Amino acid sequence: MNVTNRISRKLHVVTHGCQMNVYDSARMADVLRPLGYETVDSPAGADMVIMNTCHIREKAEEKVFSALGRLRVLKEESGGRMMIAVTGCVAQAESELILSRAPYVDLVVGPQAYHRLPELIARAHRTRGSVVDTDFPAAPKFDFLPEAAGHQGVIANLTIQEGCDKFCSFCVVPYTRGAEASRPAGSVLAEARRMAALGSREIVLLGQNVNAYHGAGADGAAWGLARLLDALAEIPGVRRLRYTTSHPADMDDELIAAHGRNPALMPFLHLPVQSGSDRMLAAMNRRHKADAFRRIVARLREVRPDMAFTSDFIVGHPGETDADFAATMALVRETGFALAYSFKYSPRPGTPAAALPQVDEAVKDARLQELQAELRRQQDAFNAATVGLTTPVLFTGAGRYEGQIAGRSLYAQPVVVESERLLTGEIHEVQIDFANPNSLLGSLQKERVAA
Ligand code: SF4
């Protein structure tokens, strides 16, 4: 009989920000599981709380500090037993501020050091003081972190690349996540095989600059993203592939061609352009022009006519004039987006654009409203155009109401249908009957999409 006498501890993880943070949070839980940590839904009574933070949005630090204030109360109620760790980009960028404003925090750990969590926890216990690890090690953390341990669901995220060398004027990622590093192709494929064996059918490849991927292959040569996607599509059970977030400067010929030849690759791409003005793109240090973005869109539509796009926009970057903004609106109208995210520029401490004279807030507000109204109109038109069409839907589980099941279209739109069977993990043809602002309602068609 195999008797294990493991101490059981409760771990609560709070995740802010992007899908990469969601992925990292799951990996941190995996790293701590061998120490007896099981994840729980509430911080009350937890032995350890990890706050995995994001630095992208405005007032990120303030949100972290107010959440830490609430955790402090719980830590005091536990007699000091609860350990608090701050991880993610705010930890990387603001470790000193965290320790001075919240000295009850036990660990401040940057994104490159998650694999060292067990050792850092032991050190914090030993010293009964705060431990900081925000080093960028020579070897990327991919070499040390365990692969995803459990089933993530029908749609699974898989980080293949981290960091960024682009240094856009408004972005903290190169400072908080370090230089671009790609995970070896063999390790990505092994994790994808395991995900597929556990029931995942759609794999979303993640990276801050994912299309700059250049992971080492078994033959020693660097694989680009196109080659990796081709190999992933060969894995039994993998039906759909997506990748995010891409940079226009890294959309090479191979990757564009892959969209034409790889049927598992969904006809849907998130390609941030940020502005339609070359003057602003230069000021943002984006390393591409508006016409380069237009050409990529046109070439992708050429190889895959049903291709649709999402993007990111920043309005009110320092120096943006009415003419620059008009160029952005022109690009938006020409391109036609299925969905897009748009934000007012807000200075991030330590980034070059933060030191420049800022655009008036009222001007930024007016431009954002105009842009968002157009993007909303395009999103509604895109969704409305699906009504009456029959399209393959990958079902992910039960819907919100009894008798409903939910899934995702080719364009990642949530689709809800009525069905007596759950059909989880299966792809079926669905006729779209109605488009809500953020989801589609449809009816199941008889035939099932071939494997
Ligand atoms: S490419 Fe993306 S992650 Fe890199 S600096 Fe620019 S905005 Fe940030």
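The chain is numbered in sequence order, starting from 1. All ligand and atom numbering here is 1-based and tracks the order in the structure. Quick caveat: nothing in here was measured; it's all calculated off a predicted structure.
- Residues His259 and Phe309 keep their aromatic ring centres 6.0 Å or farther apart.
- Residue contact annotation: Gln274 has no non-hydrogen atom under 4.0 Å from ligand 1.
- Around the CZ atom of Phe167, the shell of radius 6.0 Å holds more than 12 heavy atoms that belong to other residues, nucleotides or ligands.
- Atom 4 (Fe) of ligand 1 has an N, O or S atom of Cys164 closer than 2.8 Å.
- Atom NZ of Lys10 sits in a sparse spot, with 12 or fewer heavy atoms from other residues, nucleotides or ligands closer than 6.0 Å.
- Per-residue contacts place Cys171 under 4.0 angstrom from the following atoms of ligand 1 (heavy atoms of the residue considered): 3 (S), 5 (S), 7 (S), 8 (Fe).
- For the atom pair CG (Leu331) and CZ (Phe337), the distance works out to 5.5 Å, reported to the nearest 0.5 Å.
- Enclosure of atom CG in Asp219 by more than 12 non-hydrogen atoms of other residues, nucleotides or ligands within 6.0 angstrom is indicated.
- The distance from ligand 1 to the heavy atoms of Phe167 drops below 4.0 Å at these ligand atoms: 5 (S).
- Ligand 1 places these atoms under 4.0 Å from at least one heavy atom of Lys166: 1 (S), 4 (Fe).
- For the residue pair Ser169 / His317, a side-chain donor-acceptor distance below 3.5 Å is found, with atom types taken as modelled.
- With a heavy-atom cut-off of 4.0 Å, Phe170 touches ligand 1 through its side chain alone.
- Distances below 4.0 Å separate heavy atoms of His247 from the following atoms of ligand 1: 1 (S).
- Interface of Pro174 with ligand 1, defined as ligand atoms under 4.0 Å from a residue heavy atom, comprises 5 (S).
- Tested against Glu162 for a salt bridge (charged side-chain N to carboxylate O under 4.0 Å, His left out), the candidates Arg183, Arg27, Arg177 yield a single pass: Arg177.
- In terms of protein heavy-atom proximity, atom 5 (S) of ligand 1 is nearest to Cys168 N, 3.3 Å.
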